[in-house]
There are 2 protein chains.
Amino acid sequence: MQWKPDRHSHLSLHIQIVDWMKTHIERGEWTVGTKLPPQRKLAELLGVNRSTIIDVLDELKADGLLEMKRGAGTFVSNNSWNVLLNKSQPDWHKHIQASIHKPNYHTIQLINEYEQDSCIIRLGTGELSPDLLPTKLLEQSLQSISLNARDIGYSEPKGSKRLRIILSDYLQKRGIHTSPESILIVSGALQALQLISVGLLEQQSIIFQEHPSYLNSVHPFQSAGMQMVSVKRNERLAETLKAGSGKKQSLFYTIPTLHNPTGSSLTPEERKRLLEICAELQIPIIEDDVYHELLFEESPPAMKSLDQTGQVLYVGSVSKTLSPGLRIGWVVAPEPVINRLADIKMQTDYGSSAFSQEIVAHWLSSGLYEEHVASLRQQLKGRSLFVESILNENFRRIATWEKSMGGFYIWLRFNEPVVNKALFLKLIKQKVLINPGYIYDPSDLHHIRLSYAYATLEELKEGLYILLNNI
Amino acid sequence: MQWKPDRHSHLSLHIQIVDWMKTHIERGEWTVGTKLPPQRKLAELLGVNRSTIIDVLDELKADGLLEMKRGAGTFVSNNSWNVLLNKSQPDWHKHIQASIHKPNYHTIQLINEYEQDSCIIRLGTGELSPDLLPTKLLEQSLQSISLNARDIGYSEPKGSKRLRIILSDYLQKRGIHTSPESILIVSGALQALQLISVGLLEQQSIIFQEHPSYLNSVHPFQSAGMQMVSVKRNERLAETLKAGSGKKQSLFYTIPTLHNPTGSSLTPEERKRLLEICAELQIPIIEDDVYHELLFEESPPAMKSLDQTGQVLYVGSVSKTLSPGLRIGWVVAPEPVINRLADIKMQTDYGSSAFSQEIVAHWLSSGLYEEHVASLRQQLKGRSLFVESILNENFRRIATWEKSMGGFYIWLRFNEPVVNKALFLKLIKQKVLINPGYIYDPSDLHHIRLSYAYATLEELKEGLYILLNNI
Ligand SMILES: Cc1ncc(COP(=O)(O)O)c(C=O)c1O
Ligand SMILES: Cc1ncc(COP(=O)(O)O)c(C=O)c1O
């Protein structure tokens with residue numbers, strides 16, 4: 001045993017030793033049945049009092065990680081949770097692992113892990129930087145919230161009536177005419193996808209997605225056993241969809257405006273064509289429209305606004321514009337579909353936070369939201385120009401990209417297939433985190449998704465410089 | 001066509017006609033392909049202008065419920081959603097329907113539906129009455145919330161660190177010693193059960209539940225394909241569990257304190273015995289402890305506080321004490337279990353509302369919560385005495401019950417097996433809604449779950465009177 005707790009740490013000796021033991025047990029380094037040295041010996045090895053060791057062992061016993069066998073000593077225990085965790089991979093996990101390329105999956109786990117590290121430069125994060133969030137204004141606005149006892153009890157299945165009325169008004173501006181009864185409030189756009197997945201589709205249904213796709217980085221459909229089929233933008237759409245769907249249930253997932261990860265938008269003609277073909281083949285469409293308000297210039301019409309047959313399921317959220325912490329999004333669809341989804345939502349979590357719903361209702365109806373989004377667009381535009389100027393100066397010989405039209409992302413394409421897992425890991429060592437293209441398309445080794453929304457300008461500059469030095 | 005819109009209604013003609021048509025289509029009364037009368041004819045039949053009819057048809061077309069065939073007229077359309085909704089019952093739905101008695105299931109749907117009706121007297125609702133909620137205090141407390149930009153972005157998988165630290169402190173009072181790393185914040189206790197179900201168990205696992213059980217009225221485990229096995233309180237526990245679990249994964253779900261629906265609590269000895277037997281058989285336990293603070297007298301120890309082997313998964317929530325609209329609950333378990341559940345939580349909805357979490361953190365840490373709960377207990381106690389006095393005066397010859405020890409419920413037992421679906425429906429006609437015992441135990445025709453927490457005192461009196469007249 002080499003390790004000793006650090007007496008100068010701000011953490012107590014107790015906590016340090018507990019952590020150290022837990023880590024060994026959880027990583028499986030001390031396997032079930034491993035015998036620990038006697039207390040006196042442990043105290044000596046770690047250079048602490050025996051009473052500290054006794055406290056530590058007590059805590060780990062209460063946690064079920066250790067057990068005492070009378071007369072024999074202390075052992076890593078063979079408790080029920082250890083057994084459960086080792087034996088069972090839940091179904092969704094099996095499905096995901098079966099359907100997702102391993103390095104892709106592992107890279108995503110590493111991204112999630114390293115995002116917790118406050119020293120890392122995050123070049124790919126799909127989230128507003130803390131200083132782009134209207135934190136103070138949100139805090140002040142809490143004073144304008146007035147609560148009604150009926151609104152803070154268990155909610156109606158579709159969510160706050162007031163918010164749904166305000167949303168049906170707000171959606172008019174997007175050309176979407178709908179009634180509050182056709183709107184479901186959800187805890188973010190991701191939950192919308194999750195509910196659609198378990199509520200409307202059979203296992204083995206086909207999900208058409210764009211190529212590359214956000215859906216390769218989160219797995220609401222894969223985890224329910226759906227088959228993912230990627231459709232390239234220039235492909236012969238009708239033939240591909242006809243061949244792909246066969247006799248199975250299918251559904252087309254699209255981000256027509258400010259696509260994640262590419263940042264591009266479908267033209268109005270492409271939107272119409274997709275609608276027509278899907279209408280003919282009776283393939284419902286999910287339109288994920290979480291970024292549209294961040295377009296620098298005017299927005300093409302929502303597909304839902306062109307929809308004559310009620311075949312588009314429209315998904316929105318305030319995560320990309322106001323605050324992801326609110327966890328508020330919405331789905332617009334024909335009423336029977338909304339009723340079904342609301343039913344499942346109730347079975348899952350009895351509705352979304354009434355407080356978050358009140359806050360969003362207040363921001364939308366007071367005009368605060370619109371004002372904030374207008375200024376946000378300007379700030380994002382400034383950030384995009386900043387990053388583009390760095391790219392223009394340093395990356396022109398080795399990469400290409402399109403000028404950003406809005407949102408968070410630049411889909412940077414390197415001329416050579418250099419964006420592999422080795423590069424990803426090498427950059428982590430230098431405290432730079434990227435979102436490599438292969439998490440959105442496993443066969444892609446050319447792209448990274450650059451986000452100018454999260455890191456500070458200095459970090460963006462430094463991060464891009466480190467990136468350049470590693471290509 | 002007999003029906004005509006009501007010109008004296010507060011609803012517009014347009015809305016009335018849309019509603020009427022939708023109802024016919026959704027109930028399947030106008031099946032796919034049904035041809036509607038020509039516009040002029042419809043206008044005449046309903047006694048409205050033709051322009052009103054045109055607007056109505058346009059809305060229903062945009063919703064996908066109607067389609068226009070050129071030259072042929074307007075038809076109930078065969079759109080993709082109709083097809084989806086008719087063909088597919090999602091897997092969870094199949095599981096539930098297979099595992100739940102039909103009248104039970106139908107009664108629950110009716111309860112959910114009639115709870116929306118503000119004229120109905122709710123004798124069974126498991127929720128605090130609007131006037132027991134600290135609405136004004138909650139509203140005022142919003143002014144004390146200070147937000148940090150990092151807290152309103154996407155959250156750490158386990159939820160707000162601040163709230164978890166406060167909770168680990170608060171749980172000490174319940175005798176539970178745990179670290180913030182072993183706590184997961186969830187969107188209410190129901191979501192905790194849902195996450196455990198998909199995250200830790202294989203399909204066909206055995207869930208032991210008490211008899212009767214809250215789990216027969218919500219279906220987090222049934223929907224994932226688990227097998228439910230009911231265990232009577234006086235049964236020979238060790239034998240039953242051994243025989244029931246066989247070689248399968250299994251888990252024991254219990255509400256040891258203020259059980260829903262019976263209101264009873266396990267004695268300290270029963271708790272210890274259950275723990276010992278489950279430890280021996282390696283059956284993890286879920287301790288659902290959402291009501292413990294509502295005990296009128298002192299609480300028996302949490303099973304988690306007696307747990308030496310980390311085998312209890314402890315679930316709490318503020319829904320029964322502060323506000324269900326917050327949607328905040330927590331799970332305490334060994335760290336590897338919490339890590340797994342946190343991972344699934346992120347895949348499901350990227351975390352719970354940061355705003356709700358801040359509010360709960362403020363209430364717990366400022367002492368507001370404790371003060372409120374103390375006064376709430378008094379009010380509930382008063383309500384229980386009120387209902388018991390009515391029962392004593394009027395129900396003694398036909399029913400028995402135990403004096404309430406706390407919480408919301410009295411488990412009223414009629415001497416004769418009179419609590420069937422016919423009684424339930426007869427009462428609805430008289431604007432009284434009950435929770436019959438058979439939704440918690442399909443074979444039970446003796447009980448109703450009486451809740452003194454929701455209706456007003458006058459309503460409780462009137463409702464009980466109507467109930468009495470129908471026995
Ligand atoms: C296209 C797209 N849809 C949905 C989401 C999830 O958004 P929410 O935070 O509303 O769940 C994201 C964010 O990562 C996204 O980029
Ligand atoms: C025993 C029990 N557990 C869990 C819940 C759900 O609580 P929450 O609102 O925290 O999801 C309830 C409420 O209906 C309950 O009675």
Side-chain angles (χ1 to χ4, degrees), chain A residues 22 26 61-64 79-81 83-85 88 90-92 127 130 133 135 138-139 142-143 145-147 149-155 187-188 190-191 194 198-200 202-203 219 249 282-284 308-311 323-327 334 336-337 347-350 353-356 359, chain B residues 22 26 61-64 79-81 83-85 88 90-92 127 130 133 135 138-139 142-143 145-147 149-154 187-188 190-191 194 198-200 202-203 219 249 282 284 308-311 323-327 334-337 340 347-350 353-356 359:
Chain A
K22 274 191 182 170
E26 281 164 19
K61 269 181 268 171
D63 262 2
N79 70 64
S80 25
W81 292 116
V83 173
L84 259 191
L85 285 168
S88 79
D91 273 8
W92 64 270
E127 179 179 354
L133 295 174
T135 313
L138 268 166
E139 191 177 299
L142 294 180
Q143 306 195 8
I145 303 292
S146 71
L147 296 178
R150 294 200 183 268
D151 299 332
I152 62 172
Y154 285 107
S155 104
S187 301
L190 180 64
Q191 189 184 48
Q194 190 75 30
V198 298
L200 293 177
E202 300 174 339
Q203 277 199 12
H219 308 112
Q249 274 192 20
Q282 298 211 329
I283 298 175
Q308 298 293 312
T309 59
Q311 132 205 42
S323 149
L326 285 162
R327 304 310 307 127
V337 177
Q347 304 240 4
T348 310
D349 63 9
Y350 284 143
S353 163
F355 293 79
S356 287
I359 295 167
Chain B
K22 273 192 182 170
E26 282 164 17
K61 269 182 267 170
D63 263 3
N79 70 63
S80 27
W81 292 115
V83 173
L84 261 192
L85 285 169
S88 79
D91 273 7
W92 64 272
E127 179 179 353
L133 295 173
T135 313
L138 269 166
E139 190 178 300
L142 294 180
Q143 307 195 7
I145 304 292
S146 71
L147 296 178
R150 293 198 185 269
D151 299 331
I152 61 172
Y154 286 106
S187 301
L190 180 63
Q191 189 184 49
Q194 189 75 32
V198 298
L200 293 177
E202 299 175 340
Q203 278 198 10
H219 308 113
Q249 274 191 19
Q282 298 212 327
Q308 300 291 312
T309 59
Q311 131 204 44
S323 149
L326 284 163
R327 307 309 308 128
E335 212 174 314
V337 176
R340 169 78 64 86
Q347 303 239 4
T348 310
D349 62 8
Y350 284 141
S353 162
F355 293 78
S356 287
I359 294 167

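Sequence lines set the chain letters: A, B, ... in the order given, protein chains first and strands last, and positions in each chain run from 1.
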Can you tell me which of Ile145(B), Leu147(B), Leu142(B) forms the most heavy-atom pairs within a distance under 4.5 Å of chain A? Leu147(B)
Pair count under 4.5 Å, heavy atoms only, with chain B: among Thr348(A), Leu138(A), Leu133(A), Ile152(A), highest is Ile152(A)
For Ser323(A), is it the side chain, the backbone, both, or neither that has a heavy atom closer than 4.5 Å to a heavy atom of chain B? both
Nearest 0.5 Å, what's the OG-CD1 distance between Ser356(B) and Ile359(A)? 8.0 Å
Heavy atoms only, distances under 4.5 angstrom: which of Ala149(B), Ser146(B), Ser187(B), Pro324(B) has the most pairs with chain A? Name it, please. Pro324(B)
Rounding to 0.5 Å, atoms CZ (Arg327(A)) and CG (Asp349(B)) come to a distance of 6.5 Å
Given that the side chain runs from C-beta out, which part of Leu326(A) has a heavy atom under 4.5 Å from chain B: side chain, backbone, both or neither? both
Highest number of heavy-atom pairs under 4.5 Å with chain A among Gln191(B), Glu127(B), Gln194(B) belongs to Glu127(B)
Heavy-atom pairs under 4.5 Å with chain B, option from Pro130(A), Ala62(A), Gly188(A) with the top count: Ala62(A)
What part of Glu139(A) is in contact with chain B, defined as an atom under 4.5 angstrom from a non-hydrogen atom: side chain, backbone, both or neither? both
